[in-house]
Protein chains: 2
Amino acid sequence: MTALHHLRANAVILSVADEQPRVMTLPGTSALPAGDLVDDQDATLELALRRLVREQAGIDLGYVEQLYTFGDQARSPTGRTISIAYLALVDAGLAPAGREAAWLDCYQLFPWEDWRSGKPEIIDQELVPALERWVGDSALRRERVDITFGLSGSPWDGARVLDRYELLYEVGLVAEKGVDSGETVAGQVGVAMVSDHRRMVATGLSRIRGKLSYRPVIFELLSETFTLHQLQRVVEALAGVRLHKPNFRRLVERGGLVEGTGVAEQKTGGRPAELFRFRREVLRERPAPGVGLPSAR
Amino acid sequence: MTALHHLRANAVILSVADEQPRVMTLPGTSALPAGDLVDDQDATLELALRRLVREQAGIDLGYVEQLYTFGDQARSPTGRTISIAYLALVDAGLAPAGREAAWLDCYQLFPWEDWRSGKPEIIDQELVPALERWVGDSALRRERVDITFGLSGSPWDGARVLDRYELLYEVGLVAEKGVDSGETVAGQVGVAMVSDHRRMVATGLSRIRGKLSYRPVIFELLSETFTLHQLQRVVEALAGVRLHKPNFRRLVERGGLVEGTGVAEQKTGGRPAELFRFRREVLRERPAPGVGLPSAR
DNA sequence: ACAAAAGTGTTTCGACTACACCCATGG
DNA sequence: CCATGGGTGTAGTCGAAACACTTTTGT
């Protein structure tokens with residue numbers, strides 16, 4: 001009656017260090033922290049995940065949300081594997097590294113997602129030609145590629161990280177496809193991860209890019225106090241775009257998202273900067289407080 | 001090593017008829033279509049859900065997205081029950097009813113969510129007094145209640161359907177809590193459903209209310225052509241608020257979301273209205289096309 | 001005629017953008 | 001001094017909100 005299902009939990013743990021978004025992996029692997037959900041010692045799935053990460057990586061997670069449940073993998077004789085993926089955000093200052101945890105640069109996984117120094121070359125040099133071949137004269141494929149990669153006059157939508165990964169997967173441009181199907185295609189892009197872990201990271205990046213503009217999640221990645229410059233750099237790292245400094249300052253200050261502490265940070269490389277902190281009251285004042293990226297509408 | 005997990009899929013199937021949002025249930029019950037995921041005959045979980053709904057309710061779903069995976073229920077000796085909930089939207093015109101499927105008014109489940117005729121009386125008459133008692137002098141509870149229910153000057157955020165249900169659950173104001181814990185509290189609100197199905201519907205309503213303003217999902221609930229009045233009524237039904245007619249028209253037309261067909265609908269009760277259709281090209285033009293509700297930022 | 005619903009014009013308001021510019025510190 | 005980053009002013013643009021109003025049908 002009830003079949004055996006292999007149930008796993010996976011953790012996409014993100015932080016930003018040195019202006020790079022990065023995801024936690026198990027040292028020496030390209031695998032996310034993950035484990036079987038074998039018993040019922042935890043009251044909730046989220047608590048099970050927290051325990052799992054504590055045991056595997058020695059870190060107590062703060063912000064955690066459920067990401068997505070993946071169940072489409074190749075089947076095993078004992079039944080389908082179901083993976084419940086969670087997204088966690090940690091302050092780079094508190095994030096461990098070394099024997100227990102390693103960190104992988106997200107833009108090594110998705111080089112086409114970092115537009116901070118302009119349009120990534122890989123798009124026009126490698127992705128577009130391959131995508132064009134795949135499109136052929138299919139109008140459906142044409143529309144999908146245009147929307148997903150912002151071609152033919154469509155705008156680039158930073159939050160479509162997952163759509164882009166999935167399209168590249170279908171086209172055969174990412175290594176996992178070759179691994180899965182046994183065949184290898186020339187010109188694969190980005191660093192691969194085991195199983196469908198890169199898809200999970202793409203899901204996480206999509207989620208947080210979308211959420212930046214309507215929830216103050218960004219402060220989960222920063223210490224208690226920070227300069228506006230640091231805040232801006234972290235937002236830029238995640239969003240993958242450069243922002244206009246004077247306007248960014250006003251948006252977060254006038255938006256009531258932060259408040260000055262009166263204390264100044266000295267080691268800025270220039271004039272000392274005031275330290276700010278997240279202004280919690282904003283949650284009571286505005287329905288959807290976030291940092292507001294260009295074309296968030 | 002691997003434990004037995006009871007894995008189920010649940011379907012929150014929404015449509016709007018007679019200006020009321022409603023959710024599909026199995027006839028004679030207050031249960032969502034659901035079933036065990038027992039074998040691997042389906043390539044993906046979503047396909048398994050589609051088959052399940054076809055078999056149980058005799059309907060082929062169109063728009064489907066994964067909602068959330070619930071796993072916190074009371075445990076059984078054979079292991080935890082994991083429920084993967086999906087959200088589906090169907091055009092009221094195509095939706096069946098009768099022996100195979102019944103429909104339950106969403107605002108019977110959540111009477112406090114329908115603000116189309118002003119603030120629902122149940123809020124001030126029943127919810128607020130009970131919530132105030134629960135708050136006591138806890139600042140944490142105070143903040144949570146204020147944000148969730150828009151008290152003490154905080155704005156009402158339509159998309160927080162789930163937050164509100166979960167808070168009422170914790171406070172003991174919804175019947176499921178009594179069912180689960182064996183105790184009953186006086187003054188429970190809204191129609192209950194079996195197990196955690198009402199929570200799933202709340203999750204679905206939250207999701208779609210949030211999505212209305214940045215994805216053109218509303219058209220999944222309408223037939224091929226419609227008057228702007230019909231469109232507005234469906235949006236209002238889901239969002240639970242009245243909208244300003246002239247501005248609504250312009251928002252969807254100038255926003256490129258719809259285009260006129262030149263054909264007129266006669267039976268409007270007044271002047272004939274032009275029939276419109278969804279303008280698919282908007283997907284190529286704008287990053288996040290939606291209907292734009294008041295205070296969507 | 002009048003009710004009911006469709007549909008248009010115009011003004012105001014506020015949010016975000018872009019551009020130009022000044023300030024304070026370290027080397 | 002000048003490089004680096006901190007920080008401010010202001011004008012323009014665009015979309016949304018509010019209000020007043022006209023048009024076309026059925027009864």
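So you know, we letter chains A, B, ... as the sequences are listed, proteins then strands, and number each from 1. Only this structure's heavy atoms are used, side chains among them; waters, hydrogens and symmetry mates stay out.
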To the nearest Å, give me how far apart [atom1] ([X]) and [atom2] ([N]) are.
| X | N | atom1 | atom2 | answer |
| --- | --- | --- | --- | --- |
| A:R249 | C:dA20 | CZ | C1' | 16 Å |
| A:L231 | D:dG6 | CG | C1' | 14 Å |
| A:F226 | D:dG6 | CZ | P | 14 Å |
| A:L257 | C:dA15 | CG | P | 15 Å |
| B:E253 | D:dA16 | CD | C1' | 16 Å |
| B:L243 | D:dA17 | CG | P | 9 Å |
| A:F248 | D:dG7 | CZ | P | 13 Å |
| A:E274 | D:dT8 | CD | P | 9 Å |

Pair of N/O donor and acceptor under 3.5 Å linking [N] base with [X] side chain:
| X | N | result |
| --- | --- | --- |
| B:R271 | C:dA6 | yes |
| B:K245 | C:dA6 | yes |
| B:R250 | C:dG7 | no |

For this session: Could you tell me whether A:R280 atom CZ has more than 12 heavy atoms of other residues or ligands within 6.0 Å of it?
Result: no
Exercise. Hey, is CD on B:E121 packed in by over 12 heavy atoms from elsewhere, all under 6.0 Å?
Worked result: no
Exercise. With side chains defined as the heavy atoms from C-beta onward, is the minimum distance between B:E132 and B:L151 less than 4.5 Å?
Worked result: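 They are in contact (side-chain heavy atoms under 4.5 Å apart), so the answer is yes.
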Problem set entry | Heavy-atom closest contact (B:A88 atom, B:V64 atom, distance) |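 Closest approach of B:A88 to B:V64, heavy atoms only: CB-CG2, 4.0 Å.
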For this session: Look at all strands and tell whether B:H244 reaches a base, only sugar-phosphate, or nothing, counting heavy atoms closer than 4.0 Å.
Result: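 Counting heavy atoms under 4.0 Å across all strands, the contact made by B:H244 includes a base.
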For this session: Would you indicate what B:L228 reaches in the nucleic acid, counting non-hydrogen atoms under 4.0 angstrom: base, sugar-phosphate, or nothing?
Result: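 The answer is nothing, as B:L228 stays clear of every strand by at least 4.0 Å.
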Problem set entry | Candidate nucleotides C:dG7, C:dT17, D:dG7, ranked by approach to the side chain of A:P246 - the nearest | D:dG7
Exercise. B:L251 has a side chain; which of C:dG7, C:dT25, D:dA17 sits nearest to it?
Worked result: D:dA17
Problem set entry | Ring geometry between B:F278 and B:F219 (parallel below 30°, tilted from 30 to 60°, perpendicular above 60°) | parallel
Exercise. Mapping B:Q230 and B:N247 onto DNA chain C by nearest heavy atom, which one lands closer to the 5' end?
Worked result: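 Result of the comparison: B:Q230.
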